[in-house]
Amino acid sequence: MAPKASKNRYPPSDPHGIFSGMVVFLCDDGVQRRRLQIWKQKLVQMGAIVEEEALSRNVTHVFAVNSDSLRRKLGPKLLQRFEATILLYQWLEDSLKLGEKVREESYTIQLGSPKNSSNEKSVEYADVKESSDNQLHLYKKLKPSPINSESSSPEMKDTSLRNSVDVVPHIAYSSNNSSYPRSPSSISPVTSDAQQSTVSAPDASLPYHPPDLNRNITEIFGKLINIYRALGDDRRSFSYYKAIPVIERLPFKIESVDQVKDLPAIGKSMQDHIHEIVTTGKLSKLEHFESDEKVRTISLFGEVWGIGPATALKLYERGHRNLDDLKSDDTLTNSQWLGLKYFEDIKTRIPRDEVQEMERLLQKAAEDVLPGVNVVCGGSFRRGKATCGDMDIVITHPDGESHIGFLPKYVNHLKDINFLREDLVFSIHSEQGTDLGVDTYFGLCTYPGRELRHRIDLKVYPKDIYPFGLIAWTGNDVLNRRLRILAESKGFRLDDTGLFPATHGSGGKRVSASTSLKFNSEKEVFDFLGFPWLEPHERNI
DNA sequence: TGATGCAGATA
DNA sequence: TATCTG
DNA sequence: ATCA
């Protein structure tokens with residue numbers, strides 16, 4: 001199925017890739033082999049040439065984990081003059097994340113200043129002027145799991161941002177599928193943070209944990225994400241969302257704007273904010289928002305399923321100030337009303353073992369309706385989280401056709417056994433004789449014997465595009481975005497219904513009837529794209 | 001100055 | 001059509 | 001709000 005590329009050890013390198021023109025040497029000291037391989041592969045894919053000999057004249061860039069590793073690796077040879085720029089691997093990471101080369105300034109490693117060579121805590125950054133030759137040495141023995149930094153931790157709110165989780169109490173971006181943080185939440189001044197402070201014992205298998213030295217900043221930015229989103233300013237919200245991981249990974253505590261002025265995703269505004277935060281300890285803009293009755297109310301309303309920024313504003317203008325007020329409003333849609341009625345229920349997270357039981361129940365019920373049908377609970381459950389905000393059920397049938405018409409029957413059956421309780425959205429798209437059409441159902445369900453409502457999504461995929469559905473609905477959103485960008489870089493468009501040859505800019509936007517390439521498993525898709533395989537539980541990027 | 005993901009259900 | 005969700 |  002999978003075209004040639006998947007058979008090659010390396011996917012075709014792209015001369016137009018973002019790294020084209022670079023000749024790189026990778027210093028392997030202090031780097032896990034697997035990680036090195038991934039980096040090498042990425043570089044090649046994206047157009048770079050990997051040189052095995054560090055001192056080759058051609059080398060334009062050398063990557064290392066820090067200056068010490070380079071010293072260890074090359075020893076005295078270091079004395080020879082490098083023509084190449086020496087960069088932290090983090091530059092690579094950031095560039096891959098952004099899908100483009102980021103500025104090199106803040107990632108360069110300077111040789112010849114052997115001070116602060118061996119402690120891992122970052123040095124003092126008292127003198128800003130001199131800061132250009134600070135080597136930001138990264139985390140110590142990085143023991144990275146495949147892709148990237150943080151993850152772990154019991155779980156964070158899926159589609160919404162609950163916040164601080166255990167070990168790395170950074171905020172929000174979380175997990176689920178293909179959209180960055182969704183609902184607001186942390187604006188409510190009082191509560192918000194404390195819950196689920198389960199400090200998971202630092203597990204040896206944890207990836208390296210960037211010292212979270214700039215929480216003062218990321219916490220504030222996290223709140224702004226929610227606020228702007230609630231206000232409907234997704235662009236702005238997303239900007240803060242992108243800035244957080246960049247700041248979070250810095251190995252030093254920011255004490256001056258100069259230290260962040262060249263970082264990706266940190267522009268003028270962010271710098272101003274950072275400046276204010278590091279000098280005054282707070283951000284007046286946020287304080288203003290948080291004390292603003294209107295902002296707070298709209299944020300709250302927006303947490304109701306089915307109510308977005310526009311409706312929240314409308315309700316506010318109608319004079320409503322709390323959730324009880326809303327209950328007497330007759331302009332709410334049915335879904336919004338359910339979202340309101342079960343507001344607290346829906347916010348309640350579901351323990352993993354209960355999700356597991358419900359998954360079994362769903363599998364069994366599905367088998368009753370259509371033997372051989374395949375039912376998997378995706379989302380954060382599949383990624384191994386300890387609790388889940390909702391359930392994403394991905395369904396298919398191996399015969400490639402009997403999935404058609406299954407969903408309505410299934411839903412009815414689930415209602416008969418009192419598992420599904422209320423409907424939110426129901427849409428049918430499956431068609432005979434095609435691999436198109438995903439049937440979906442959004443609703444509320446209950447754990448057997450209880451009344452507490454949980455959000456559940458059922459999605460039925462034709463066999464041929466099932467792997468895409470599974471990938472998309474397993475997430476997390478960061479992984480999905482990376483895959484999508486990777487696909488784009490190779491001239492494809494990836495979404496939850498397939499992988500399509502890019503209808504290169506020429507035509508309009510609607511890709512129309514192009515059919516997806518066919519794959520039989522998630523792994524085939526990863527392979528085709530040249531993305532290192534990740535087990536579901538490794539996808540908490 | 002424009003793009004930043006987008007299809008499709010609901011009312 | 002505007003709004004909202006995932 | 002950021003980037004090209």
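Values reported hereafter were calculated over all heavy atoms of this structure, with side chains retained and with hydrogens, waters and symmetry mates removed. A, B, ... follow the sequence lines: proteins, then strands. Residue 1 opens every chain.
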Q) So, are A:Asp272 and A:Lys268 salt-bridged, with charged N and O less than 4.0 Å apart? A) yes
Q: For nucleotides B:dG5 and D:dC3, find the distance between their P atoms and express it as a whole number of Å.
A: 15 Å
Q: Using the test ring-ring contact (aromatic ring centres under 6.0 Å, His included), find all partners of A:Phe301 that sit at least two apart in sequence or belong to another chain.
A: none
Q) Taking CG from A:Asp477 and P from C:dG6, how many angstroms apart are they, rounded to a whole number? A) 13 Å
Q | Whole-Å distance separating the CG atom of A:Leu338 from the P atom of C:dT5 | A | 14 Å
Q: For B:dT4 versus C:dT5, give the span between their P atoms, rounded off to a whole number of Å.
A: 22 Å
Q: For the pair A:Thr280 (side chain) and A:Glu276 (backbone), establish whether a donor and an acceptor sit closer than 3.5 Å, ignoring hydrogens and angles.
A: yes
Q: Among the candidates D:dA1, C:dG6, C:dC4, find the nucleotide nearest to the side-chain atoms of A:Tyr240.
A: D:dA1
Q: Rounded off to whole Å, could you give me the CZ-to-C1' distance for the A:Phe221 and D:dT2 pair?
A: 13 Å
Q | Candidate nucleotides C:dC4, D:dA1, C:dG6, ranked by approach to the side chain of A:Lys459 - the nearest | A | C:dG6
Q | Candidates A:Phe519, A:Phe528, A:Trp473, A:Phe526 - the one meeting ring-ring contact (aromatic ring centres under 6.0 Å, His included) with A:Phe468 | A | A:Phe519
Q | Nearest to side-chain heavy atoms of A:Phe442, which nucleotide of C:dG6, D:dA1, C:dC4 | A | C:dG6
So which protein N/O to nucleotides 1-4 of chain B N/O distances come out below 3.5 Å?
none

Q: For A:Lys261, report the nucleic acid contact type (base, sugar-phosphate, nothing); a contact means any heavy atom under 4.0 Å.
A: nothing
Q. Are the side chain of A:Arg453 and the backbone of A:Leu444 linked by a donor-acceptor contact shorter than 3.5 Å?
A. no
Q.
Counting only side-chain heavy atoms from C-beta out, which of C:dG6, C:dC4, D:dT2 sits nearest to A:Ser269?
A. D:dT2
Q. Roughly, in whole Å, what's the span from OH in A:Tyr241 to P in B:dG5?
A. 11 Å
What protein N or O atoms touch nucleotides 9-11 of chain B N or O atoms at under 3.5 angstrom, if any, and at what distances?
from   : atom 1 : to       : atom 2 : distance (Å)
B:dA9  : OP1    : A:His429 : NE2    : 2.3
B:dT10 : OP1    : A:Phe426 : N      : 3.4

Q.
Whole angstroms only, please: what is the CH2-C1' distance between A:Trp305 and C:dC4?
A. 8 Å
**Q.** Phosphate-side-chain proximity, A:Arg455 and C:dG6, N/O vs OP1/OP2 below 4.0 Å
**A.** yes
Q: Send over the distance from A:Ile307 CD1 to C:dT5 C1', rounded to a whole Å.
A: 13 Å
Q. Donor-acceptor pair, A:Asn216 side chain versus A:Glu219 backbone, under 3.5 Å?
A. no
Q) Which nucleotide in the list C:dC4, C:dG6, D:dT2 gets nearest to the side chain of A:Lys268? A) D:dT2
Q.
Is it the case that the side chain of A:Glu354 and the backbone of A:Pro351 share a donor-acceptor pair, with hydrogens and angles ignored and the cut-off at 3.5 Å?
A. no
Q) How would you label the contact of A:Val438 with the nucleic acid (heavy atoms, under 4.0 Å): base, sugar-phosphate, or nothing? A) nothing
Q) Between atom CZ in A:Arg229 and atom P in C:dT3, what is the gap in whole Å? A) 15 Å
Q. What closest approach, in Å, do A:Ile225 and A:Tyr241 show between heavy atoms, and which atom pair accounts for it?
A. CD1-CA, 3.5 Å
Q. Do you know which two heavy atoms are closest between A:Asn476 and A:Leu479, and how far apart they sit?
A. OD1-N, 2.9 Å
**Q.** Between C:dC4 (P) and A:Glu303 (CD): distance, integer Å
**A.** 15 Å
**Q.** salt bridge (charged side-chain N to carboxylate O under 4.0 Å, His left out) partner of A:Asp392, the single match among A:Lys459, A:Arg455, A:Arg383
**A.** A:Lys459
Q) Under 4.0 angstrom, heavy atoms only, what part of the nucleic acid is A:Asp495 near: base, sugar-phosphate, or nothing? A) nothing
